[in-house]
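Right, one structure below, let's go through it.
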Amino acid sequence: MLYSEKVMDHFRNPRNVGEIENADGVGEVGNAKCGDIMKVYLKIDNDMVSDVKFKTFGCGSAIAASSMATEMIKGKPISEVLTLTNKAVVEALDGLPAHKIHCSVLAEEAVKAAVKDYYDKNGIAYDPEKFCDGNCECCHEHDGEE
Ligand code: FES
C-alpha cells in the first residue's frame, strides 16, 4: 500500500484542525512546488505550546503530516518545538512516498514560522538561522524535486 495506516488515520481523522483566536503565534507558508498553503496557530504559556491548531489547503499527506506535527509539539517547550524536523514527522507517520516528502516540509515550516511570529510579536531575540526564509538550500532542493 502506498500510504501507511498512520498516514491514513491522520488523514481521515486529523487532530488539531481549526484556528485559535488571539493566537500567540501564527505561521503561514506556501509550498513553491505544489502551491498549497498551510497555516499554524500556537498558544504559548510559560514558553510551552499549550495549544496548537492548523488549517491547510493542502493534499492528504500535508493534512496527515500537520496532524502528526501538531500532536508532536503540543505541550512541548518552544526549544523542543524548534528541533522538530519533517523527517521526524515522516518517521512518526511510518513513512511517506518520496514524492510526498515535500508535504511534510510544509508542516515543519509552518510550525517554525508560527514560533518566529511569536518571537517577533514579543520582541524576543532569536537566531535567524533556525528559521527558513524560503530562500535556503533545502527550499531550492524542494523546488527542484520531482
Ligand atoms: Fe502540496 Fe502535498 S501536494 S502539500
Side-chain angles (χ1 to χ4, degrees), residues 1-44 48-121 124 126-146:
M1 186 156 120
L2 193 53
Y3 293 105
S4 73
E5 264 172 47
K6 276 197 191 149
V7 172
M8 291 313 291
D9 174 34
H10 279 264
F11 165 59
R12 290 202 183 103
N13 180 22
R15 284 51 148 190
N16 309 311
V17 173
E19 278 177 51
I20 297 176
E21 256 182 70
N22 303 318
D24 296 304
V26 181
E28 184 173 330
V29 295
N31 187 305
K33 185 177 147 85
C34 62
D36 290 340
I37 295 169
M38 172 80 63
K39 205 162 176 180
V40 166
Y41 303 79
L42 295 176
K43 194 90 204 148
I44 295 172
M48 303 255 285
V49 175
S50 56
D51 199 11
V52 49
K53 294 260 191 284
F54 79 92
K55 279 209 311 206
T56 185
F57 298 97
C59 68
S61 299
I63 293 170
S66 322
S67 170
M68 182 56 91
T70 52
E71 285 289 275
M72 287 166 81
I73 64 167
K74 215 179 200 175
K76 296 277 161 58
I78 297 179
S79 55
E80 230 174 280
V81 171
L82 288 176
T83 64
L84 179 84
T85 62
N86 79 297
K87 206 166 161 253
V89 174
V90 171
E91 271 166 25
L93 287 170
D94 292 337
L96 276 175
H99 69 286
K100 286 280 156 189
I101 297 293
H102 73 272
C103 314
S104 65
V105 174
L106 197 61
E108 177 197 329
E109 285 180 354
V111 164
K112 289 186 177 162
V115 172
K116 187 168 180 286
D117 180 50
Y118 165 72
Y119 281 164
D120 285 339
K121 275 185 183 144
I124 300 169
Y126 55 82
D127 176 1
E129 302 234 319
K130 287 209 169 100
F131 298 95
C132 176
D133 58 5
N135 211 8
C136 60
E137 251 172 62
C138 60
C139 291
H140 289 305
E141 263 171 44
H142 303 147
D143 293 352
E145 144 204 302
E146 216 29 79

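Order of listing sets the numbers, starting from 1, for every ligand and every atom in it.
- Between E19 and K53, no side-chain nitrogen of the basic residue sits less than 4.0 Å from a carboxylate oxygen of the acidic one, so the salt-bridge criterion is not met.
- Within the 4.0 Å heavy-atom criterion, neither part of M38 lies near ligand 1.
- Rounding to the nearest 10°, we obtain 100° for the angle at atom 2 (Fe) of ligand 1 between C103 SG and C59 SG.
- No side-chain heavy atom of D24 sits under 4.5 Å from any side-chain heavy atom of K121.
- With atom 1 (Fe) of ligand 1 as the vertex, OD2 of D36 and SG of C34 span 100° to the nearest 10°.
- A distance of 4.0 Å separates OH of Y3 from OG of S61, quoted to the nearest 0.5 Å.
- Of all the atoms in ligand 1, the ones that sit under 4.0 Å from a non-hydrogen atom of A62 are 4 (S).
- Between the side chains of D120 and Y126, a donor-acceptor pair is found at a separation under 3.5 Å.
- In summary, R15 and D9 engage in a salt bridge, as defined by a charged side-chain N under 4.0 Å from a carboxylate O.
- Under 4.0 Å from ligand 1, the heavy atoms of H102 that appear belong solely to its side chain.
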